[in-house]
Structure formats: C-alpha cells, structure tokens
Amino acid sequence: PGKLFQFKLVLLGESAVGKSRLVLLYVIVLPITIEIILDSYLFIFIYVGDLNDILVLRFVKDQFDDYRESTIGAAFLTQTINLDESTTVKFEIWDTAGQERYKSLAPMYYRNANCAVVVYDITQASSLDKAKTWVKELQRQADPNIVIALAGNKSDLSARRAIDSEARTYASDTGLLFFETSAKTASNVNELFTSIARQMPLE
Ligand code: GTP
Ligand code: MG
C-alpha cells in the first residue's frame, strides 16, 4: 500500500498571465477530472477538446452567471499525481485572482500553502516585476519551508517575447524552480507540477 501526501498549492501572479488556464489544463486535461467548489459558488468545468473550448460555468444559488474571463476571488481545485507505485501526491490548488482589487485576499491563500507557483507572461515585462514582488512577499510572510516555482507562461508566443534568460537567472539566484510553460500547447505544464511534487518533503 502506498502513501498519500497532501499539499496546499497557491497560484499567484498578475492578472491575465494565465494562472487559471494553466491550472484548468493541468487539472482537467491531465487526466480528465471535474471538480466542483466554493464560497457559495458552484463551478462546473467542462473540457470540450481545445484550450478555447474550456467552459467555466459558474452558478450562484440557482442563478446562472455568465462565463467570465478573469478569476473572481479565487478558485479551488485538486489534482492527484502518482509519483511512483508507493507515493501519491494530492495538490489542493488555490488559483487566486490577479486583479489589484483582490490583492488583500492573497495572504488568506498563501498563509498555509506548502508550495506556490508564481506566474508571469513572457510577453509582458511588467509581469515579471510583479512576480518578483510576490516572491518577496512569500519569502517574508509565508511558511519558511514553502517551495516556490516561477513559471514564465505563454511560451507559445515566443515571437512577442519580452523576457529572456534574466528570469531563469533570477530563479536560480533566488532558489526557485523554474519553467517556461504554455497553457495553449500544454508545454511543460505537467513537468511544472510534477517537479514541485518531487521537491516536497515525502516521508
Ligand atoms: P486573473 O484570473 O485575472 O488573475 O488572470 P489569469 O492569470 O487567471 O489569466 P487567465 O488564465 O484567465 O488567462 C488570461 C488570457 O491569457 C486568456 O485569454 C487565456 O486564453 C490567455 N492565455 C493563458 N495562457 C496562455 C498561453 O499559454 N498561451 C496563450 N497564447 N494564451 C494564454
Ligand atoms: Mg484567473
């Protein structure tokens, strides 16, 4: 019989860098799951076969609220990975809202987090500055043992790249895991989460 390890993971980063797309891709596509959730909202995720066809339906009580692009408050999802025959890791994932007006909610989600994915958009230089601000805040306020990964998302848009090797250098100087990902092509998405799982204390 194997062991199950459970960890809280928080996603942070500027609005529109792709946090929700990454997590939906990871949770829904690899493998297909449907998880339902929180805060008096019922979320239903339906994967229809393409990035642009992931529908997020949100219900409040019995009212149907329109699909919204930007996360409101935060969303909660879970994903389980079998690292080997005897080790299973379950992530409880908090996908936070990047819009400035939700900033004060973030401590609630990172306070008990065991790991964090700080996301920026490789085509937006300002989003890396914002990511560095999140890393500093985590280093000051979160659990001292938190495992932090920096993810440069939208790697499929390399023609519009604004951030190069500086991010990898910053991550290695700061002791962060580092991946360039794409929620569109799924590049490195599985690798990102698996590498975090392997970094966690599994004993
Ligand atoms: P907030 O919820 O406001 O914090 O934003 P977010 O970080 O969750 O961004 P979201 O996942 O909603 O993505 C924002 C936009 O970027 C959407 O239109 C996505 O389709 C697009 N997007 C996300 N990831 C990628 C990617 O890897 N490549 C490309 N080309 N577009 C992406
Ligand atoms: Mg979002």
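Atoms within a ligand are numbered from 1 in the order they appear, just like the ligands themselves. Note that the numbering runs from 1 along the sequence shown for the chain.
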Specify side chain, backbone, both or neither for [X], according to which of its non-hydrogen atoms lie closer than 4.0 Å to ligand 1.
X	answer
A97	backbone
L157	side chain
V17	both

Please say whether [X] places an N or O atom under 3.5 Å from an N or O atom belonging to ligand 1.
X	result
N153	yes
D95	no
S70	yes

**Asked** Does the K184 side chain pair with the main chain of D156, one donor and one acceptor, at a distance under 3.5 Å?
**Response**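 Flag not set: sc K184 to bb D156 has no pair under 3.5 Å.
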**ring pair (Phe, Tyr, Trp, His ring centres under 6.0 Å) involving F193 - partner list, sequence neighbours excluded** =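 Here the qualifying residues are Y26.
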**Lys/Arg-Asp/Glu bridge criterion (N-O < 4.0 Å) met for R161, E180** = yes
**Message:** Heavy-atom count check: over 12 atoms from other residues, nucleotides or ligands less than 6.0 Å from K103 NZ?
**Reply:**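 Above 12, so yes.
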**Asked** Just wondering, are more than 12 heavy atoms of other shown residues or ligands nearer than 6.0 Å to NZ in K132?
**Response** yes
**Request:** Would you indicate which of S182, G152, A16, G98 comes nearest to atom 5 (O) of ligand 1 when only heavy atoms are counted?
**Result:**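 Residue with the shortest heavy-atom distance to the ligand atom: A16.
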**Request:** From atom 22 (N) of ligand 1, work out which of E14, Q99, K184, K154 has a heavy atom at the shortest distance.
**Result:**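 Ranked by closest heavy atom to atom 22 (N) of ligand 1, first place is K154.
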**Item:** Close-contact set for ligand 1 against D156 heavy atoms, below 4.0 Å
**Value:** 26 (C), 27 (O), 28 (N), 29 (C), 30 (N)
**Prompt:** So, do M200 and N114 sit near enough that their side-chain heavy atoms are less than 4.5 Å apart?
**Reply:** yes
**Asked** Is there a side-chain contact between T80 and V89 (heavy atoms, below 4.5 Å)?
**Response**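 The answer is no, as the side chains (C-beta and beyond) never meet within the 4.5 Å cut-off.
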**Request:** Examine all N, O or S atoms of T96, backbone included, and report whether one is under 2.8 Å from the Mg ion (ligand 2).
**Result:**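 Checking T96: none of its N, O or S atoms is under 2.8 Å.
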